[in-house]
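Shown next, in structure tokens, is the structure this report addresses.
Residue numbering restarts at 1 for every chain, and letters A, B, ... go by the order of the sequence lines.
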Amino acid sequence: MDVRVRFAPSPTGYLHVGGLRTALYNYLFAKKHGGKCILRIEDTDRTRFVDNATENLISNLRWAGIEFDESLENGGEFGPYIQSERFDLYTKYGKELLEKDLAYYAFDTSDELAEMRDRLQKEGGSFKYDRNKMRNSVTMGMDEAKKLIDAGESYVIRMKVPEEGEVKFNDIIRGEVTVPCKDVDDQILLKSDGFPTYHLANVVDDHFMQISHVIRGEEWLPSTPKHVLLYQFFGWDTPDFAHLPLLLNEKKAKLSKRHGDVAVEDFKAKGYLKDAFVNFIALLGWNPTGDREIYTMQEFIDLFDLSKVNKAGAVFDLKKLAWMNQQYLKELNSAEATPLLKAELEKFGVSDLEEDFVAQIFDLFKERVTFINEIPEMTDYLYAEPKEFDEKYMAKRWKEDTAEMVKPLIAKLSELNEFTHDSTHDLTKAYCEEADVKMGQLMHPLRLMLTGKSSGAGMFDTMALIGKEECMKRFETFLAKKESGEL
RNA sequence: GGUCCUAUCGACUAACGGUUAGGUCACCAGCCUUUCACGCUGGCAGUGGGGGUUCGAAUCCCCCUAGGAUCACCA
């Protein structure tokens with residue numbers, strides 16, 4: 001059997017990280033088995049329509065490196081790939097169930113349904129639809145129901161779940177799942193606006209799109225018996241199911257938008273590198289070996305094994321994500337990094353820097369940050385003389401005799417023709433030996449005068465980057481301020 | 001509350017009946033060092049509890065407990 005899987009999001013306006021993981025696992029599974037990965041937009045809820053939601057979804061998926069073999073924009077022989085354009089199909093199959101007496105009309109208002117649930121709750125037990133007591137074609141008879149419909153009463157179509165027996169299905173991740181029919185609700189299949197609910201549309205589409213494996217989040221597990229029953233009602237083969245463990249927040253509850261940090265584009269905006277983010281997400285719920293953390297997409301494809309995906313939910317740990325991001329940041333080559341850093345610098349208000357200069361800055365700071373966007377502020381002294389000086393640092397490192405100790409070195413530095421890492425280093429080292437002082441006694445004052453900060457890249461690299469002329473100017477300014485007591 | 005799912009260090013996970021229960025993040029210590037980092041070395045830390053099955057259980061079965069999901073004319 002050909003492997004055909006689908007990622008079927010509803011266009012809510014953003015891509016949830018859990019959705020990204022689902023899409024990714026679908027993609028990996030398809031690629032691994034030489035199958036097809038399909039994107040189907042499930043927009044049957046007209047009350048939740050969001051402009052540009054589909055475009056947003058696709059662009060975020062593409063950012064993550066996930067492409068689809070069949071979709072709205074790429075086409076395919078099983079389209080349309082958006083449910084609102086498949087309307088007639090659902091109506092047709094809803095009717096078929098009605099004719100087979102596997103579905104029925106129901107006329108209950110939302111108040112009546114709420115009342116029913118109140119009653120059932122008081123009696124204890126489940127809240128499932130009480131088919132034999134409500135207003136529907138089972139209690140009133142089909143003739144009466146047709147009359148109401150002709151009179152313009154609004155109605156829904158519900159599935160008629162058998163009273164006896166049980167529903168069994170095999171989940172690739174969880175094994176056999178069994179639910180007694182009496183616990184399965186008479187799900188609404190077609191809403192009063194004529195649109196199908198997820199359950200009907202999903203089953204019909206998966207069948208006609210020849211989906212072989214349904215890979216989706218665990219939140220769908222409780223409604224899977226309904227879907228299995230629908231396949232049986234229609235006489236169709238059931239696809240294989242794989243319900244992925246949930247992504248959890250630090251409180252171990254399902255990651256939800258209310259708690260923030262769940263939209264892929266937010267992570268993108270914060271500066272996470274795509275490969276790092278995808279790598280991290282892929283390892284939430286599965287690890288091919290257990291002794292490695294960094295994998296390429298191709299390696300993930302080669303190693304992917306649905307049956308080895310975890311059953312328990314996974315907590316989304318920002319700290320490990322940050323580490324992951326840094327790992328990828330360190331490995332970024334300058335061709336990739338320079339434009340990114342340049343853009344960040346421009347946001348910071350620094351433009352017109354030489355590519356080579358920007359590349360050097362990246363090399364010096366990539367191991368000191370988690371995100372590229374931290375670099376501009378950290379390196380502000382490279383673009384203008386420092387406005388302020390770290391007071392604690394100054395108190396600790398600038399002593400009574402420091403000025404006199406540093407002046408001869410500055411004089412020697414000013415005579416240097418070449419102002420490079422090596423030349424400044426060699427000169428300073430020689431001076432230290434000659435004057436019998438430790439490097440540290442001079443490095444800190446130099447750093448303070450030049451950058452105002454207590455941390456940063458190596459001092460000789462920093463001096464070379466700032467340039468001799470500017471360094472001299474800063475030394476002079478700083479010493480003058482010291483003498484005048486301004487500092 | 002009904003139903004279903006789940007349970008290995010604080011977190012992500014490996015070990016698919018036989019290991020001193022391994023790796024990674026975080027944390028701690030040390031080394032490196034002109035700062036901050038990076039890096040390196042080491043450390044802390046786990047099979048929720050109770051019964052079985054077995055020569056042998058983290059692994060299979062049962063019960064308990066705990067957590068989660070779901071019970072919409074949302075997906």
Pairs meeting criterion side-chain hydrogen bond (donor to acceptor under 3.5 Å, both in side chains) with involvement of residues 161-181 of chain A, two or more places apart: D171(A)-H243(A)
Pairs meeting criterion salt bridge (Lys or Arg N to Asp or Glu O under 4.0 Å) with involvement of residues 283-294 of chain A, two or more places apart: R292(A)-E299(A), E293(A)-K320(A)
Plane angle bin for F68(A) and F7(A) - parallel if under 30°, tilted between 30 and 60°, otherwise perpendicular: parallel
Using chain A heavy atoms and a threshold of under 4.0 Å, write down where along RNA chain B the contacts begin and end, 5' to 3'. rG1(B) to rA75(B)
Is there a side chain to side chain donor-acceptor pair (under 3.5 Å) between D108(A) and Y129(A)? Walk through the geometry before answering. CA-CA 10 Å; D108(A) 318 281; Y129(A) 183 74; 2.5 Å; yes
Which of these, Y14(A), F316(A), F280(A), sits in a ring pair (Phe, Tyr, Trp, His ring centres under 6.0 Å) with F267(A)? F316(A)
Fit a plane to each ring of H227(A) and W220(A), take the angle between them on a 0 to 90° scale, and name the class: parallel (under 30°), tilted (30 to 60°) or perpendicular (over 60°). tilted
Which of residues 368-382 of chain A have a heavy atom under 4.0 Å from RNA chain B? R368(A)
Looking at every strand, decide which applies to G285(A) at a 4.0 Å heavy-atom threshold: base, sugar-phosphate, or nothing. sugar-phosphate
Using a heavy-atom cut-off of under 4.0 Å over every strand shown, decide if F460(A) touches base, sugar-phosphate, or nothing. base
Indicate, with a heavy-atom threshold strictly under 4.0 Å, whether K308(A) touches base, sugar-phosphate, or nothing. sugar-phosphate
RNA chain B contacts among residues 170-181 of chain A, heavy-atom distance under 4.0 Å: R174(A), V177(A), T178(A), V179(A)
Side-chain donor-acceptor distances from residues 426-433 of chain A under 3.5 Å, at least two apart:
| from | atom 1 | to | atom 2 | distance (Å) |
| --- | --- | --- | --- | --- |
| T428(A) | OG1 | T424(A) | O | 2.6 |
| Y431(A) | OH | M405(A) | O | 3.0 |

